[in-house]
Structures are given as structure tokens and as C-alpha cells.
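Each remark here refers to the structure printed beneath this line.
Atoms considered below: every heavy atom in the structure, side chains included; atoms not considered: hydrogens, waters and symmetry mates.
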Amino acid sequence: MIPHMKHNSSGSTPTARSGAVCLALVAAIALSAVIPANAQDARVLTIDDVRRLALEYNRDYLTAQQEVDRADARVVEARAGALPRIDGNAYYNRNFEVPTSFIEMNGETMELQFGFKNSFGAGVSLRQSIYQGGKVFTALAIAKLYKEYSRAGAAEVGNDIVFNGEVLFYAAVFRQSQVAVLQKAIEAAEYNLSTIEKMRDQGMVSEFEVLRARVERNNLLPQLIAAESEVELARKRLKSFLGLDLNAPVELVERPVDSDTSLAGLPPMERYIDSALQTRPAVQQAELLTEITRKAIRIAKADYWPHLEAVSDWGWSSQSDDFTLKENTSTSLTAGLVVSVPIFTGFERQAAVSQAKVDFNQSRLAESQTQDRVRLEVEEAYYQVQQAKKALDIQGATIAEAQEGLNIANVRYESGVGTLLEVLSAQVALTDARNANAEALFNFRVAEARLKRATTIQPSVE
């Protein structure tokens with residue numbers, strides 16, 4: 001509810017009227033923190049909008065998506081090892097001095113020319129790997145696993161980004177709630193001041209109580225100004241994170257509080273842990289890395305085995321003294337198998353296998369550590385959401401009690417039984433209760449988001 005000011009200008013002093021004007025100006029400024037100046041042009045942002053925009057803009061997430069594209073290229077590269085390699089070549093040679101030789105025959109010396117002034121040639125070679133100790137297909141399997149690893153990494157980054165966007169959204173909503181609470185407190189303080197001024201004019205109270213009520217109201221004005229600044233800063237942090245214009249007006253729409261803060265159907269913690277260990281991208285990444293390093297051992301061992309290739313070459317050549325391709329031409333075609341057997345590599349293979357085994361052992365340890373970390377994150381988030389829900393319920397009841405206490409204090413004071421101190425104390429208690437309730441709701445929303453990030457399950461169940 002947006003509070004409106006109540007005062008009695010006919011019975012107030014000039015000082016009181018100037019204070020009311022000041023109050024109205026400050027309240028108008030603060031009100032702009034809750035409702036944008038151009039509300040009809042303001043961009044409406046819900047928590048779902050924040051999640052979507054965060055993934056569209058965030059550079060870390062876009063970078064992670066590029067890693068997926070890199071993984072696609074590695075799959076193609078690994079697949080190339082199983083396909084034939086075809087190379088073409090061509091050449092031209094110019095013999096500026098053609099070598100000659102002299103022979104004597106029947107008493108005559110003859111000069112013979114070996115070669116021609118121009119030589120042309122072209123050829124095509126084909127090499128097909130047949131067996132490399134299983135290296136080619138293992139490399140292809142690793143490339144596919146790396147693609148899944150990159151996707152899981154991008155998903156984990158996306159979860160973190162969505163969580164951070166949710167926290168910024170709820171923080172801005174929380175700041176708005178603080179402004180609304182202070183506006184209600186100022187409304188009540190202004191009402192108290194107006195009532196006391198009328199009682200003073202009737203000779204029922206002293207000027208001291210009027211001054212005290214005015215000081216109590218004025219003390220709230222700096223808090224309202226500071227809260228308005230915090231709202232603006234919180235909104236700009238959110239807009240900066242989402243890649244929106246910092247000066248563009250936005251309207252934050254929070255979910256209904258009463259409809260989605262029930263945890264009556266909250267599943268047991270073990271279900272959350274099981275879900276996290278099965279679906280959390282970080283766990284999937286750790287498992288994929290273990291499988292990748294396991295296959296890398298096989299690639300390192302492949303160098304112990306013979307390598308078999310099929311080769312084929314086709315060639316064409318032409319030689320002539322004139323610059324022509326039609327004279328003295330010839331072609332050739334060969335095919336065969338090439339077997340290479342590594343005998344001694346200076347212990348290079350043994351070192352490669354040892355390093356691959358170390359990588360595999362480290363990845364298994366990292367996988368176990370990731371599972372423990374995720375399990376601990378789930379447990380912490382599960383307890384936090386329960387504690388936050390209890391605090392929220394307590395603060396909701398506290399507001400009702402504080403409101404009832406203020407009503408009683410007002411009645412007692414207007415009846416001449418109570419004191420102004422009772423009214424002011426009850427008002428402070430109600431303001432504190434409202435602030436505590438807004439903070440409790442913020443903590444509950446953040447705890448919800450943290451549990452969802454840790455488990456990929458929405459905890460609130462109606």
C-alpha cells in the first residue's frame with residue numbers, strides 16, 4: 001500500500017505547516033524510488049525476465065558457450081583421423097643447362113643429351129590409417145566426451161549467473177520494501193504530530209510533546225532519503241548485470257508472498273542430495289573428466305602397438321625442350337601397405353602412460369571431492385531455507401502483534417491514560433517489525449534460489 005499524508009493544517013502552527021511541506025517533498029522523492037517517473041514506459045521485470053536476460057547478456061556464459069563450439073570442432077578434428085588423407089601436388093622444372101655426355105663409337109665422338117629443358121609433373125597421394133592401436137577411435141570418443149563436458153560447464157556457469165541475477169533482483173525489491181516501510185512510519189508520525197497539535201491547541205498537552213513528536217517525525221526523513229538512494233543503486237546494479245540501460249526506468253514485479261512461501265510439501269533432504277548428484281552440471285563435469293582421462297591412458301598405450309596404413313600414389317609427368325605438355329608423357333600408379341613398429345623411443349611412451357595415469361587418479365579424486373562439495377552445498381542450502389521460512393513466519397506474526405500494540409497505545413494516549421512515549425515506542429516497534437519482515441522475505445528468497453542452484457529443484461511447494 002502506498003501511504004498518503006494526513007495532517008490538520010488549520011490547527012497547526014507555521015512551523016508545523018513548513019514541516020509538513022518538507023515531509024511531502026521528501027515523501028514524493030521517495031515515492032519515485034518505488035514507482036518509476038514514467039511508469040507507463042517503464043520496463044516490467046519479473047524474476048523470470050531476470051533469469052532470461054542474465055543468460056542472454058552475461059559474458060561468462062557466452063564464453064562458456066564458445067567452449068561448446070570449440071568442442072564441436074574437436075569432434076570433427078578427431079573424426080578426421082579415421083578418414084583417408086588425399087594430397088595433390090604439381091611441379092615444373094626448367095633446366096637452363098641440360099647435362100650431356102660424350103661417347104666414342106666407330107672412331108667418332110658423339111654428344112648425348114640427358115634430359116629436356118622443361119619438366120612437368122603432377123600427382124595424387126592417398127593415405128588411409130587402418131590400425132593405430134585404437135588411437136583414432138579413442139580420440140573420437142574423447143572429443144565427444146569433451147563436448148558433453150563443455151555443455152555441462154556452460155550449464156554450471158548458467159546456474160551461477162541465474163542465481164546472481166536472482167539475488168540482485170530480490171535485493172532491489174528488498175530496498176523498495178524498506179522505502180515503503182519508512183513511508184508508513186512517516187505517515188504514522190505525521191498523524192501523531194497532527195493529533196498532538198490539536199490536543200495542544202485544546203490545552204490537553206504541552207508544547208514539549210508537540211516538539212517531541214515533530215523531532216520523531218523529522219528523524220525519519222534522512223532515513224527515507226538514504227533508503228531512496230539505496231533503491232536507485234540496487235536497480236542500477238541489476239540493470240548493469242542484465243545489460244540494460246542504467247537510466248531506463250524499470251518496474252520490479254515480485255511474486256505474491258502468500259502464494260509461494262509454503263514449504264509444507266518440501267521433500268526430504270536426501271531426495272535433494274540424490275537429485276543434485278544426478279543432475280548437477282558440476283558433478284557431470286567431474287564424471288566426464290574422469291572418463292576422458294581414463295581413455296587418455298589408452299591413447300598413450302597405443303604407441304606400443306604397430307601402426308598400419310594403406311598408401312596409394314598416382315603420378316603424371318611430361319618432358320620437352322619446347323614449352324608443351326604433350327610430348328614425352330608418362331603416368332604411374334602404385335598402392336601398398338606401410339607397417340611401422342616402434343622399437344625404442346627413449347622411454348617416451350612409458351612417461352606418457354605414467355602421466356596419463358596420474359591425470360586419471362587426480363580426476364577421480366576431484367570427482368569425489370566435487371560430490372562431497374555438492375552434497376555439503378545441498379545440506380547447507382536445505383537448512384538455510386528452513387531457517388529462513390521459520391524467521392519469515394515469526395516476523396509475520398510479530399507485525400500483527402506490533403500493530404495491535406500501536407493501536408492500544410494510540411487509544412490509551414487519546415484517552416489520556418497513556419503517554420506519548422508509549423505511542424512512539426510502539427511505532428518504532430512496528431517499523432522495526434516491518435523492516436525485519438522485509439529482510440526475512442529477502443533471506444527466504446535468496447535461500448530458495450541457493451537451494452535451487454545446488455539441486456536444480458524449486459523448493460517452494462504450494
Arg349 CZ to Trp305 CH2 distance, which is reported to the nearest 0.5 Å: 12.0 Å

Inter-residue atom distance Glu287.CD - Gln278.CD, 0.5 Å rounding: 9.5 Å

Tyr92 and Phe323 aromatic ring geometry - parallel, tilted or perpendicular at 30°/60° bounds: perpendicular

CD (Glu379) with more than 12 external heavy atoms under 6.0 Å: yes

Salt bridge (Lys or Arg N to Asp or Glu O under 4.0 Å) assessment of Glu166 paired with Arg445: CA-CA 9 Å; Glu166 290 176 341; Arg445 294 300 191 207; over 6 Å; no

Parallel, tilted or perpendicular: ring planes of Tyr146 versus Tyr149, cut at 30 and 60 degrees: parallel

Asn118 side chain vs Asp321 backbone, donor-acceptor pair below 3.5 Å: yes

Intermediate values then yes/no, side-chain contact (heavy atoms from CB on, under 4.5 Å), Gln371 and Leu277: CA-CA 7 Å; Gln371 291 174 347; Leu277 294 179; 4.1 Å; yes

Result of checking Leu333, Val124, Thr334 against Asp313 for side-chain contact (heavy atoms from CB on, under 4.5 Å): Thr334

Trace of the salt bridge (Lys or Arg N to Asp or Glu O under 4.0 Å) decision for Arg375 with Asp372: CA-CA 5 Å; Arg375 186 179 288 106; Asp372 290 344; 3.2 Å; yes

Distance-only polar pair, side chains of Arg434 and Gln403, donor-acceptor under 3.5 Å: yes

Carboxylate-amine/guanidinium contact Lys389 Asp393, below 4.0 Å: yes

Student check: side-chain heavy atoms of Ser125 and Val311 closer than 4.5 Å: no

From CA spacing to verdict: side-chain contact (heavy atoms from CB on, under 4.5 Å), Glu254, Tyr170: CA-CA 8 Å; Glu254 167 67 308; Tyr170 293 134; 3.9 Å; yes

Donor-acceptor contact present, side-chain Ser363 to main-chain Phe360, <3.5 Å: yes

Exam field: side chain Glu401 to backbone Gly396, donor-acceptor pair closer than 3.5 Å: no

Any donor-acceptor N or O pair under 3.5 Å, side chains Thr63, Asp60: no

Over 12 non-hydrogen atoms of neighbours within 6.0 angstrom of CZ in Arg85: no

Sub-4.5 Å side-chain heavy-atom contact between Tyr91 and Ser317: yes

Audit row: Gln176, Arg235, side-chain contact (heavy atoms from CB on, under 4.5 Å) steps and yes/no: CA-CA 10 Å; Gln176 290 181 174; Arg235 281 178 173 167; 2.8 Å; yes

Electrostatic pair Glu67:Arg70 at N-O distance under 4.0 angstrom: yes

Phe347, CZ: over 12 other non-hydrogen atoms inside 6.0 angstrom: no

Tyr131 atom OH, over 12 foreign heavy atoms within 6.0 Å: yes

Expected output: side-chain Asn361 to main-chain Lys357 donor-acceptor under 3.5 Å: yes

CG-CD1 distance between Leu242 and Ile161, expressed to the nearest 0.5 angstrom: 11.0 Å

Residues Arg294, Glu291: salt bridge by 4.0 Å N-O rule: yes

Any donor-acceptor pair under 3.5 Å from Ser240 side chain to Lys236 backbone: no

Separation of Leu451 CG from Leu266 CG (nearest 0.5 Å): 7.0 Å

Pair Lys239 + Asp245: basic N to acidic O under 4.0 Å: no

Check: Asp69 and Gln65 side chains under 4.5 Å, non-hydrogen atoms: no

Pairing of Arg51 and Asp48 as salt bridge, 4.0 angstrom limit: yes

Atom of Asp49, atom of Val44 and distance for their closest heavy-atom approach: OD2-O, 3.4 Å

Glu348, CD: over 12 other non-hydrogen atoms inside 6.0 angstrom: no

Candidate pair Glu377 and Arg280, rule side-chain contact (heavy atoms from CB on, under 4.5 Å), full reasoning: CA-CA 11 Å; Glu377 286 180 6; Arg280 179 77 177 268; 3.0 Å; yes

Heavy atoms of other groups near Arg59 CZ, more than 12 under 6.0 Å: no

Glu148 with Arg151: basic N within carboxylate O range, under 4.0 Å: yes

Heavy-atom check, side chain of Phe163 versus side chain of Lys452, under 4.5 Å: no

Expected output: side-chain Ser229 to main-chain Ile225 donor-acceptor under 3.5 Å: yes

Side chains of Val179 and Arg175 in contact at under 4.5 Å (non-hydrogen atoms): no

Beyond-backbone contact of Ser119 with Asn95, side-chain heavy atoms, under 4.5 angstrom: yes

4.5 Å side-chain heavy-atom contact, Val250 and Leu238: no

Thr138 and Lys135, any side-chain heavy atoms less than 4.5 Å apart: no

Backbone N/O of Ala436 and side chain of Gln395: donor-acceptor pair under 3.5 Å: no

